[in-house]
Protein chains: 2
Amino acid sequence: MAFDAIETPFGKTDKIVGGAATYAGLAASYFYDKVKIVAVVGDDFPQENIQEFNDHGIDTEGLQIKKGEKSFFWSGKYHNDMNTRDTLDTQLNVLLDFDPVVPPSYQSAEFLMLGNLDPKIQMSVIKQMTTRPKLIVMDTMNFWMEVAMPQLEAVLKEVDVLMLNDSEARQLSAQFSLVKAAKEILKMGPKYLIIKKGEHGALLFHKDQVFFAPALPLEDVFDPTGAGDTFAGGFMGHIGRTKDISFENMKTGIIVGSAMASFCVEKFGPERLKEITRADIDNRIQQFVDLVNFDIELV
Amino acid sequence: MAFDAIETPFGKTDKIVGGAATYAGLAASYFYDKVKIVAVVGDDFPQENIQEFNDHGIDTEGLQIKKGEKSFFWSGKYHNDMNTRDTLDTQLNVLLDFDPVVPPSYQSAEFLMLGNLDPKIQMSVIKQMTTRPKLIVMDTMNFWMEVAMPQLEAVLKEVDVLMLNDSEARQLSAQFSLVKAAKEILKMGPKYLIIKKGEHGALLFHKDQVFFAPALPLEDVFDPTGAGDTFAGGFMGHIGRTKDISFENMKTGIIVGSAMASFCVEKFGPERLKEITRADIDNRIQQFVDLVNFDIELV
């Protein structure tokens with residue numbers, strides 16, 4: 001949980017609340033009523049935002065509030081194509097020495113999502129779970145491949161599902177073809193791999209199986225910040241609600257995640273994620289069905 | 001119909017047979033037994049290749065063979081990502097003053113595909129048809145937007161379906177968002193718009209409806225030359241076979257086109273298109289079904 005200041009071709013924001021736990025937590029809360037967050041903020045983080053998470057049924061017992069310290073801050077500017085961005089400022093602040101603590105009340109958690117952070121922190125959370133969750137999903141990014149590859153490899157051996165974007169999959173595997181990249185990455189530990197391609201959709205790989213979910217074609221992508229975390233949250237929320245970790249159900253989870261991500265980009269920050277209704281979500285998922293559905297009998 | 005010399009990261013070819021009519025004709029011939037070609041070559045074009053088309057059931061009565069002239073020649077080199085290429089050489093030769101002649105035996109044609117050429121040539125073919133075909137589909141490219149926009153706009157008013165790639169759609173509409181681009185282009189004449197996104201699939205727009213077909217994730221794209229024309233040929237072949245020009249059937253046509261394109265890129269030039277079987281095609285189409293199929297009941 002953090003602060004972001006975002007500039008896109010459509011406008012710019014002051015410091016607004018962001019961070020993977022914010023996006024993933026809000027997205028998951030529409031499907032699952034036992035979302036629990038482990039995170040850290042400074043005492044500059046507004047109490048009303050924490051209350052907002054609680055109002056969404058999100059348990060914040062694992063949220064550390066560091067007195068006299070500041071929350072993580074990121075500032076960035078998106079280019080016209082919205083696929084690339086420049087980082088203008090990064091202030092690690094409380095993340096500099098984040099030592100996550102999993103509260104005893106979280107120990108029964110069946111599903112664990114590790115947001116993109118230092119692999120040491122991800123490993124610490126896994127090790128604190130006295131019973132291994134049924135499904136451990138992790139996100140990561142190119143930075144950790146460059147500065148903490150041995151630690152990243154150790155975490156990869158402990159997780160079931162890895163999520164990353166296409167350029168990160170290419171970097172991690174040293175393969176340009178995403179099919180070849182997937183084969184290499186599936187040897188590193190995860191049994192499932194989700195490659196996020198932004199506006200070009202997402203791929204799920206498992207053994208020799210592959211599933212593709214499109215992104216919804218939108219008139220405008222207003223702000224892509226948090227779309228990947230929102231996707232992860234929608235996916236986890238669906239898995240949590242159904243308690244089904246089969247490949248077939250993960251496919252549906254990816255559609256749910258894609259639908260949630262399509263809302264996220266419609267406004268700045270997590271704003272849109274706070275106002276949607278279950279009916280909005282059902283309509284959006286139906287749009288995904290219509291988008292890809294064709295009559296095979298005609299072929 | 002033409003000659004290409006192609007260089008990709010996987011190797012290079014000498015002069016091989018190519019051209020939109022070659023790729024589209026071969027692809028369509030797997031579905032439709034009345035494929036007829038209007039094209040021009042020089043007398044350097046091998047008779048055995050013309051015989052090969054005839055063996056595929058393709059009528060070449062409308063193929064002009066210009067004595068003492070040379071066929072169109074293009075040479076290009078693909079970059080590592082296979083999405084961009086440099087043109088090394090273009091020799092227009094017989095295309096310089098191509099005056100297409102539609103033979104009387106072609107007059108009953110119900111479906112007309114206009115390959116990417118000077119819009120004047122495309123218009124000439126439309127005007128020669130005494131009965132308007134049930135469906136006229138056209139391809140074009142950025143070059144004609146730059147040098148022949150009024151002529152291109154005139155042809156757009158006469159066609160039912162326009163096919164182009166994403167950057168061409170953006171250029172034609174002056175819109176970055178493909179959804180907005182589609183809205184603008186559908187005002188220019190075509191009732192249906194197909195935007196090809198290469199390895200990222202294809203979109204079909206009609207009124208407020210949209211359909212998305214993924215490209216098959218492949219281990220290697222060996223040579224993308226002709227993939228767009230092969231896609232068009234598969235689409236037209238399916239429409240021709242079913243004689244159904246509804247939006248629903250066009251969706252299936254796009255899957256058929258995508259399946260054919262996925263074969264095309266597996267070898268240099270049209271080589272792979274000559275050797276596949278109906279069983280190969282059925283298996284490939286089933287892969288597309290598996291790729292996008294998910295269980296909505298679980299949501």
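In what follows, chains carry the letters A, B, and so on, assigned in the order in which the sequence lines appear, proteins first and then strands, with residues in each chain numbered from 1.
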If you count the non-hydrogen atoms of other residues, nucleotides and ligands that lie under 6.0 Å from NZ in K77(A), is the total more than 12? no
Main chain of D295(A), side chain of K251(B): is a donor-acceptor contact present, judged purely on distance under 3.5 Å? no
Ranking N80(B), L204(B), N293(B), V221(B) by heavy-atom pairs under 4.5 Å to chain A gives rank one to N293(B)
Strictly under 6.0 Å, is that where the ring centroids of F212(A) and F212(B) end up? yes
Could you list which of residues 178-194 of chain A have a heavy atom closer than 4.5 Å to any heavy atom of chain B, in residue-number order? V179(A), K180(A), K183(A)
Which bit of Q175(A) comes within less than 4.5 Å of chain B, counting heavy atoms only: side chain, backbone, both or neither? neither
How far does CZ of F294(B) sit from CD1 of I255(A), to the nearest 0.5 angstrom? 4.0 Å
Under 4.5 Å from any heavy atom of chain A - which part of Q287(B): neither
Is L218(B) close to chain A through its backbone or its side chain, or both, or neither, when contacts mean heavy atoms under 4.5 Å? backbone
Smallest heavy-atom separation, L291(B) atom then F211(A) atom, equals O-CD1, 3.0 Å
Is atom NZ of K12(A) surrounded by more than 12 heavy atoms (other residues, nucleotides or ligands) closer than 6.0 Å? no
